[in-house]
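For reference, the structure is listed below as structure tokens.
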Amino acid sequence: QVHVNYVNMTQTILPQKGKDAAETLKISSDNILKSAAKTPSKPVFFMANHPQWKLWDLQVEDFLQNPQYRHFELINGYYGFAPPKKVHSLEQFWDIINAFRLINGQKIIYAVGSDDSHFGDAEHYGKVSGVNSAWVYVGLPDNEEFTHDNLVRALNEGRFYPSSGVEFESVKFDDKTRTLKVKVKAQPGRKYKIRFNATTADFDRKTGSMFLQHDKLKHAVKTYSPEI
């Protein structure tokens, strides 16, 4: 199943379907971008949702064939279909896409968090399919007004980070020294660990395959080197 959503559009785009996941992604984005072109002054944001659902229905190759997708849902508040442990995690999935995109000369993809809320009542607040289980923190300069358009531009430019609870006090990147500095906004009684993972440019490009099954669902998934 392929789920794509968009923000800040003036036209409704109905669900699209191609012969496979990659084509469905392309048809969906083609329609979104065609509609967005009618109002060029209004930025549009779109992303692919929960790639691991139901059995990695969206795979790395689908995003390599569709570099126009700059965002995907890394954190989903539903948790109904967690990635099978014997395959890559969602974080590794993100790294794999970007590792291959970079060597292909494509733009990287950003990760988004969403609560995937199906319920808005107080009983479900902070729980599965309720509100406030995942979100994004968006960075706007002091001279930018807090508007829909400015928020969407910031998302498209990667000026945000996803979270399911942790908040950063500061996120700074020095273009000259190529140095990233982050500082957690610590909460009382909590301990934090920040870990930076990197993939070397000479990573192993070999791939394999694995057959997954869950109840009546069956799906072949491509696997990648743990060097990524």
Side-chain angles (χ1 to χ4, degrees), residues 3-8 29 43-53 58 60 63 66-79 82-83 88-102 106-117 125-199 228:
H3 288 186
V4 175
N5 71 305
Y6 53 85
V7 175
N8 215 35
S29 61
V44 169
F45 168 88
F46 65 94
M47 72 173 188
N49 300 337
H50 42 60
Q52 81 280 11
W53 190 75
L58 288 178
V60 171
F63 287 96
N66 287 280
Q68 70 276 18
Y69 280 83
R70 302 296 310 284
H71 303 80
F72 85 99
E73 190 178 31
L74 172 70
I75 311 172
N76 179 282
Y78 178 63
Y79 305 117
H88 40 254
S89 68
L90 272 164
E91 289 84 357
Q92 290 170 319
F93 178 79
W94 184 17
D95 291 340
I96 294 166
I97 294 173
N98 279 333
F100 280 95
R101 279 195 175 188
L102 288 171
Q106 299 172 328
K107 293 182 178 180
I108 63 171
I109 193 167
Y110 298 110
V112 175
S114 166
D115 49 32
D116 197 356
S117 58
Y125 185 82
K127 299 179 181 178
V128 173
S129 292
V131 178
N132 199 43
S133 57
W135 54 85
V136 293
Y137 285 102
V138 181
L140 292 179
D142 293 336
N143 62 345
E144 279 193 12
E145 189 178 355
F146 193 78
T147 65
H148 294 146
D149 287 357
N150 284 337
L151 284 172
V152 170
R153 288 191 185 94
L155 288 169
N156 286 335
E157 293 169 6
R159 291 188 278 122
F160 72 94
Y161 63 89
S163 180
S164 58
V166 175
E167 181 179 356
F168 289 127
E169 188 172 304
S170 63
V171 180
K172 297 180 180 179
F173 183 76
D174 190 314
D175 288 322
K176 293 182 180 180
T177 62
R178 307 290 292 173
T179 303
L180 173 66
K181 293 183 178 181
V182 297
K183 183 179 181 181
V184 170
K185 188 175 182 179
Q187 300 297 319
R190 299 289 181 87
K191 293 183 179 181
Y192 300 85
K193 178 186 288 187
I194 298 176
R195 184 175 66 189
F196 292 93
N197 296 325
T199 300
I228 305 176

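Nearest heavy atoms, L74 versus E91: CD1-N, 4.0 Å. For the residue pair A134 and S114, the shortest heavy atom distance occurs at CB-O, 3.4 Å. Nearest heavy atoms, D115 versus N132: OD2-N, 3.2 Å.
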Inset, instruction - Please assess V152 against V7 for the test side chain to side chain contact (heavy atoms under 4.5 Å, CB included), listing each intermediate value before the final yes or no. - result: CA-CA 8 Å; V152 170; V7 175; 4.3 Å; yes
Inset, instruction - Take L90 and Q52 through the test side chain to side chain contact (heavy atoms under 4.5 Å, CB included) and record every step on the way to the result. - result: CA-CA 8 Å; L90 272 164; Q52 81 280 11; 3.7 Å; yes
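A donor-acceptor pair under 3.5 Å is formed between the side chain of R101 and the backbone N or O of F63. Side-chain N or O atoms of T179 include one that pairs as donor or acceptor with a backbone N or O of T177 at under 3.5 Å. A donor-acceptor pair is defined here as one N or O able to donate and one able to accept, closer than 3.5 Å; such a pair exists between the side chain of N156 and the backbone of V44. The backbone N or O of S89 lies less than 3.5 Å from no partner atom in the side chain of W94, so there is not a single donor-acceptor pair.
Here F46 and Y69 bring their ring centres to under 6.0 angstrom of each other.
Side-chain contact between S117 and V131 is present, with heavy atoms from C-beta onward closer than 4.5 Å.
Ring geometry for H3 against W53 counts as tilted: the plane angle lies between 30° and 60°, on a 0 to 90° scale. Using the six-membered ring where Trp is involved, H71 and Y110 have ring planes that are tilted, between 30° and 60° apart.
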Please report, to 0.1 Å, the donor-acceptor pairs under 3.5 Å made by any side chain of residues 139-149, with sequence neighbours excluded.
from : atom 1 : to   : atom 2 : distance (Å)
T147 : OG1    : N150 : N      : 3.1
T147 : OG1    : N150 : ND2    : 3.3
D149 : OD1    : N8   : ND2    : 2.9

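Listed by chain and residue number, F168, V171, L180, I194, F196 satisfy the side chain to side chain contact (heavy atoms under 4.5 Å, CB included) test with V182 (two or more places apart in sequence, or in another chain).
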